[in-house]
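Report on the following structure.
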Amino acid sequence: TRKIIIAIDGPAASGKSTTARLLARKLGYTYIDTGAMYRSVTLKAFEAGLLGHLQDHPDDATSLLEGIDIAFEAERVLLDGKDVTEAIRDNRVSRHVSFVSSLKPVRDTLKQMQRAMGEKRGVVMDGRDIGTVVFPDAELKIFLVADASERAKRRYTELVRKSGGSNNVPSIKELEQEILQRDRSDAERTHAPLKKHQDAVEVDTSGLTIDEQVALVYNLALEKT
Ligand code: C5P
């Protein structure tokens, strides 16, 4: 069987990363979470105190990007050698990531890194623009969607689990608003907006269990390998 590229795009919290990770495991492929890369750059901007400055000087993002090292190792995310797996999921990163992702220098740099990571094929890559911009030649393109209320519930459960309780976790309603706001920003931006590629297979995960959505995409992948 040949090794292919599987691009999984879709709005926030639609089940992309869970599906992509399990699918990659089943196929023996590498999983690349491009959202984690945009989140890492956002965290770096935060830590450098540059977020406000970038609003008026987007080109200065190049100083953050110079020599940046983002690596995936044993399902951990390493930013400049430091484990940021948990830090990039923080809700304050989620609130600013769409802004940082809209900056052209950020997109150009991460696109090059992603193409290099997938060049040997045998990868499952998830994000917003993988099928449309990063790998338009991906053999299988999936566009994953789910109802906003379902997505907010999933994100809430995930945050509660990760923080060991509902303290400091926004309400489901607030999360739904944030998710919809992020989708709007991602879909309306100038560079590489979120949209379904004409060849992408749309999968609605609203009523599906994780096993069901993985099985569905796995079968589509087998047809292509
Ligand atoms: O996938 P996740 O929700 O973690 O992505 C976080 C954010 O990163 C998205 O809301 C979007 O702004 C940005 N992103 C992007 N292009 C990608 C992946 C993520 O702009 N390929």
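Just so you know, ligand 1 is whichever comes first in the structure, and atom 1 is the first atom listed for that ligand.
Between the side chains of S98 and D186, at least one donor-acceptor pair of N or O atoms lies under 3.5 Å. For the 3.5 Å distance criterion, the side chains of S149 and D147 fail to qualify, holding no donor opposite an acceptor. No hydrogens or angles considered: nothing links the side chains of T209 and D211 as a donor-acceptor pair under 3.5 Å. Side-chain atoms of R39 and S94 include a donor-acceptor pair closer than 3.5 Å.
The nearest protein atom to atom 18 (C) of ligand 1, hydrogens excluded, is given as T34 OG1, 3.3 Å; this is a heavy-atom distance. The shortest contact between atom 16 (N) of ligand 1 and any protein heavy atom is with R107 NH2, 3.0 Å. Residue, atom and distance of the protein heavy atom nearest to atom 6 (C) of ligand 1 are R182 NH1, 3.4 Å. Scanning the protein heavy atoms around atom 14 (N) of ligand 1, the nearest turns out to be Y38 CD1, 3.6 Å.
Closest approach of P193 to T190, counting heavy atoms only: CD-O, 3.8 Å. For Y29 against T225, the heavy-atom pair with the smallest separation is OH-CG2, 3.8 Å.
Annotation for ligand 1: atoms under 4.0 Å from non-hydrogen atoms of S101 are 8 (O), 11 (C), 12 (O), 13 (C), 20 (O). Each of the following atoms of ligand 1 lies closer than 4.0 Å to a heavy atom of D186: 9 (C), 10 (O), 11 (C), 12 (O). Counting atoms of ligand 1 from 1 in the listed order, those under 4.0 Å from a heavy atom of D129 are 16 (N), 17 (C), 21 (N).
Under a 4.0 Å heavy-atom criterion, S98 is in contact with ligand 1. The closest approach between M37 and ligand 1 stays at or above 4.0 Å for every heavy atom of the residue.
In this structure, N219 places its CG atom where more than 12 heavy-atom neighbours from other residues, nucleotides or ligands lie under 6.0 Å away.
In R189, the part holding a heavy atom less than 4.0 Å from any atom of ligand 1 is the side chain.
Considering CG of L23 and OG1 of T18, their distance stands at 12.0 Å, rounded to 0.5 Å.
Considering each of R128, H96, R89, K16, the one bringing a non-hydrogen atom nearest atom 2 (P) of ligand 1 is R128.
Ligand 1 has a nitrogen or oxygen under 3.5 angstrom from a nitrogen or oxygen of R39.
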